[in-house]
Number of protein chains: 2
Amino acid sequence: MDKRQKLIETAFRLFYQHGIHAVGVNQILEEAKIAKKTLYSHFESKEKLLEAVLEYRDARFVEWASQRMQQEHAGKAAILALFDALDDWFNDRVENLAAFHGCLFINTCSEYGDPSSTPHQLCRAHKRRIHELVKQELKTMAVAETDYLADMLTMLKEGAIVTAQVQGDKLAAKKAKRLAEQLLSSATIQ
Amino acid sequence: MDKRQKLIETAFRLFYQHGIHAVGVNQILEEAKIAKKTLYSHFESKEKLLEAVLEYRDARFVEWASQRMQQEHAGKAAILALFDALDDWFNDRVENLAAFHGCLFINTCSEYGDPSSTPHQLCRAHKRRIHELVKQELKTMAVAETDYLADMLTMLKEGAIVTAQVQGDKLAAKKAKRLAEQLLSSATIQ
DNA sequence: CATAAAGTAGACAAATCGTTCTACCAACGG
DNA sequence: CCGTTGGTAGAACGATTTGTCTACTTTATG
């Protein structure tokens, strides 16, 4: 088995559940049943491990989201499918994403507030990627102001995630979907 | 000078800027120029100090937000004033709130993921208070579904905060205001 | 003025942090 | 068969964590 991958996945689970500074490397090693030297042969520091975790999560998440969108017809249906996907995520119906504890990237920015730090920038890049996904979908539709619409749809998504996490509102995605629908209806030209 | 208050304000500033686990009590004491024994005579632990910080921030923030809303005519203008207030906050034009580093309550929930923990519950209570503020304003208006509208407006607010923090998008509040306007227009009966 | 309360600085304890290190073992290719 | 590679366990290091403690000083009040 790939030790490096095992470290990334274990660290992800612990960071996601308890926060980054709250989890020590010893705890990661214990759970992964991997020796300390092995960790430091693959990663030069805890922060480098975190960076690998963020890249791993980004890849998995974007892959999942885009698949869910592409399962529907391009355009409005695809975008609404994203909010259905969020609903599944919030209610722990997606095995690949681990039990919902908010967004790892938002959580990470809370702990790495300096925008010039590498973790913060990786989080920013992830959000840009999701934004791009939505924007590309909008471009296949007959709508004006795709930039503004993509901004609002992703902002709505962030709001739903935070509401689901902080308030424990399991219906957050369903509510957000309704507003997204309205937004798309009033924006569609044809 | 009230040492207890000085401790709360110093701890707030540091927690807000760097995160909670990243800041040690020694650092708080150094900056506040207060002895360790004094801290532990006022608060039985770091977490109790955090709880006092959350209560302090909650009071200041709700006071500020409701004042900004009440400066406008009741109803739609008051709610839109909230988004103008957010814009000032994101762009560091509000002295009382300290330099923008996202929302302390969202940040805290990232580090205290367990919803049954006291810090998490204090954050939840704060968000409920803001939600109530918006909902009461909606009740003075001729709109149906005040619950749904309050949900969406606060969700939009959370999305704007996260976008401003993670993406560094200083225009997030202005964009959110535009969608809020549209939402209120299409919901108004008269 | 005297006493009590509340502050000070900072040493200290016990634990944990991230990181480096030694010593050893197993598998594999030349 | 021997040396390299990559793994193991875990000791050790120095720094830092939260929290307690001693000893002293300031301040307020009766």
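Lettering follows sequence order; numbering is per chain, from 1.
Note on Thr38(A): a side-chain N or O is less than 4.0 Å away from OP1 or OP2 of dT8(D). Remark: Lys33(A) is not in phosphate contact with dT8(D), judged by side-chain N or O atoms under 4.0 Å from OP1 or OP2.
Rounded to whole angstrom, the span from the CG atom of Asn26(B) across to the P atom of dA11(C) amounts to 12 Å. The distance between atom CG of Leu7(A) and atom P of dT19(C), rounded to the nearest whole Å, is 14 Å. Rounded to an integer number of Å, the gap from NZ of Lys37(B) to P of dA5(C) is 13 Å. Taking atom CD1 on Ile20(B) and atom P on dT18(D), their separation rounds to 12 Å, with Å as the unit. In this structure, Leu29(B) atom CG and dA11(C) atom P are separated by 15 Å, rounded to whole Å. Atom CG of Leu39(A) is separated from atom P of dG7(D) by 12 Å (rounded to the nearest Å). We find that CD of Glu30(A) is positioned 15 Å from P of dT8(D), with the value rounded to whole Å. Between Ile28(A) atom CD1 and dT16(C) atom C1' there is a gap of 14 Å when expressed in whole angstrom units.
Closest to the side chain of Lys3(A), from the set dA9(C), dT19(C), dT8(D), is dT8(D). When the nucleotides dT8(D), dG7(C), dG19(D) are ranked by their closest atom to the side chain of Ser41(B), dG7(C) comes out on top.
Atom-to-atom distance recorded for Thr10(B):OG1 and Gln5(B):CD is 9.5 Å, nearest 0.5 angstrom. Lys127(B) contributes atom NZ, which lies 4.0 Å from atom CD1 of Ile106(B) (distance to the nearest 0.5 angstrom). Put simply, CG on Asn91(A) and NZ on Lys170(A) are 6.0 Å apart, with the number rounded to the nearest 0.5 Å.
Residue Asp88(A) forms a salt bridge (Lys or Arg N to Asp or Glu O under 4.0 Å) with just one option from Arg93(A), Lys174(A), Lys177(A), and that option is Arg93(A).
If you check every strand for non-hydrogen atoms under 4.0 Å, His42(B) touches sugar and phosphate atoms only.
Ion pairing between Arg60(A) and Glu63(A) holds under the 4.0 Å rule for side-chain N and carboxylate O.
With hydrogens and angles ignored, a donor-acceptor pair under 3.5 angstrom links the side chain of Lys36(B) to the base of dG19(D).
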